[in-house]
Amino acid sequence: MILFIGQVARGMMEREAFQEIDYRAMFGPMAKWVAQIEDAGRLQEYITRAYRTAMSGRPGPVVLALPEDMLYDEAPVPRPPAKVHAPRYQPGPDPMAALQTRIATAQRPFVIAGGGGWTEPGIAALEGFAQAQGLPVAASFRSQGLMNNNHANYVGHFSVGQTPYLEQALSASDLLIAIGPRLGEMTTGGYSHLRSPVPDQRLVHVFPQAEELGRVYQPDLALVSDCESFCLAAAAWPAIKPDAFAARTATLRDTYTAFSSPDAVPDDPLAGHLAHLAEVLPRDAIVCNGAGNYSGWVHRFYRYRAPGSQLAPTAGSMGYGLPAAIGAALTCPSREVFAIAGDGCFMMTAQELATAVHHDLNLTVIVINNDRYGTIRAHQEREYPGRVSGTGLTNPDFCAFARAFGAQAIKTDGLATFKAALAEARARRGVNLIEVPLDPRYLSPGKTLD
Ligand SMILES: Cc1ncc(C[n+]2csc(CCOP(=O)(O)OP(=O)(O)O)c2C)c(N)n1
């Protein structure tokens, strides 16, 4: 992402002029690079560098501040800029040979794939590598849309909530091949499922930027490579230990299938809704969400099946789902787009319904309404039972609210009416809202306040 942002005129800087902000200080800790362009003659230099920075290594946002008077300057452009491509980093032959040896001597290998900058050929090669070597692949936090969740080697994802079978499989592994993820707090269960700084298992960490390797976990083998180059090279290997890992991978796959089935949580009021979405939506549907306990149901029971089918905030910010869905609907008008939000999450950016209607977009917002910040209430009940503070919400009538923007809206009452509402929304297209009331006692799949 490149954010171009207006700044006060150069002659007014440092006076706290009207709307003057020091953007380097404001965005410095959260962007990959922040700069202010004070000389129109250097626009091309800054903008080309912005693209290169945003797209290379670990992709990330760049902020460029534009002083108002600079924008009126004229400057010659001697030559148009060269097209910027994300740089490729090929893995060297020695570490690749070393990895083959590691696989040959492993008993319980485990792959975690994730992070940014993946390409479709890279994802296909990841699936090919896993299949040829019989390896189980889990997705890192919010990278579930990476590998087809119906693939025989996909075994689940690491998330905010506990996934005991995955955590156990990770802890018991003797070779961890991390392809692209940061191995951050969410993926490692607060740095507890993987011992730091030296993990119990041999760690092979593949990442497109050297600075990330060894940041928390010391790798046995560190490979600076982009995920596509690594996976294409690894996918070309014949089976190193034919059939040695197949049984364990199949068991993990069966466990994932059972865990992500609504049957795992009998009487749960939402699991069936998400399983139904996975059943009827096309594989390339784009499903967006923000933050809240409701997302636990989305991630566990929906099945992402195509690249780019999951848009969700790695930073855990509420309100992300609808704006993300608007971006997706604008960028991919031929794909079906859904935003799933809790009532609190939806209300953070609900006014964007106007944007969606204004641009005649096709998207459906599913609001899971429990009339509270359920996540925070759960924390309160766990730490200070009975001491409820500031987590109740008095919401608008969501359907009337959506209709006021010109959207179409249906309130559901159980799975059967949800199925009907979904079919209706998909058939008529445009901007739709489906309200799904949720009994506030339900905190997460299979777990109630009681
Ligand atoms: C912008 C932002 N503000 C606050 C939080 C902290 N937070 C995380 S989840 C949550 C409540 C979410 O409520 P809701 O969307 O209704 O979902 P529920 O937990 O009830 O399923 C809050 C306040 C956050 N992640 N992002």
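Just follow the structure's listing: the first ligand is 1, and inside any ligand the first atom is 1. Heavy atoms only: backbone and side chains are in, while hydrogens, waters and symmetry mates are out. Just so you know, residue 1 is the first one in the sequence shown, and it goes up from there. Since the model is a prediction, treat every value here as computed from it, not as a measurement.
- Formation of a donor-acceptor pair under 3.5 Å by the Ser260 side chain with backbone atoms of Tyr256 is found in this model.
- Residue Arg372 touches ligand 1 through its backbone alone, judged by heavy-atom distances below 4.0 Å.
- Annotation: Ile376 places no N or O atom under 3.5 Å from an N or O atom of ligand 1; distance criterion only.
- Electrostatic pairing of Arg215 and Glu211 does not count as a salt bridge here, judged by no charged N lying under 4.0 Å from a carboxylate O.
- Between Asp254 and Thr257, the side chains place no donor N or O within less than 3.5 Å of an acceptor N or O (distance only, hydrogens not considered).
- The side chain to side chain contact (heavy atoms under 4.5 Å, CB included) with Phe338 is formed by just one residue from the set Ile286, Leu281, Leu363; it is Leu281.
- Remark: ligand 1 and Leu393 share no N or O pair separated by less than 3.5 Å (distance only, no angle test).
- For the pair Asp220 (side chain) and Leu203 (backbone), a donor-acceptor distance under 3.5 Å is absent.
- A salt bridge does not link Glu38 with Arg10: none of the charged nitrogens is closer than 4.0 Å to a carboxylate oxygen.
- Nearest to atom 16 (O) of ligand 1 by heavy atom, out of Gly344, Ala315, Ala291, is Gly344.
- Counting protein heavy atoms only, atom 20 (O) of ligand 1 is closest to Gly374 N, 2.7 Å.
- Scanning all protein heavy atoms for the shortest distance to atom 15 (O) of ligand 1 gives Cys345 N, 2.7 Å.
- Considering backbone and side-chain atoms together, Thr375 places an N or O closer than 3.5 Å to an N or O of ligand 1.
- In this structure, Gln168 contributes its side chain and Pro164 its backbone to no donor-acceptor pair below 3.5 Å.
- Nearest protein heavy-atom neighbour of atom 17 (O) of ligand 1: Tyr294 CD2, 3.6 Å.
- Close contacts between ligand 1 and Asn293 involve ligand atoms 18 (P), 19 (O), 21 (O) [criterion: under 4.0 Å to a heavy atom].
- Of all protein heavy atoms, the one closest to atom 25 (N) of ligand 1 is Gly316 O, 2.8 Å.
- Checked by distance only, ligand 1 and Met348 stay at 3.5 Å or farther apart across all their nitrogen or oxygen atoms.
- Among all non-hydrogen protein atoms, the one lying nearest atom 5 (C) of ligand 1 is Met318 SD, 3.4 Å.
- Look at Arg88 and Glu228 and you find a salt bridge, because one of the NZ, NE, NH1 or NH2 atoms lies within 4.0 Å of a carboxylate O, short of that distance.
- For the 3.5 Å distance criterion, the side chains of Trp297 and Asp268 qualify, holding a donor opposite an acceptor.
- Close approach of ligand 1 to Asn370 is summarised as follows: ligand atoms under 4.0 Å from at least one heavy atom of the residue are 20 (O).
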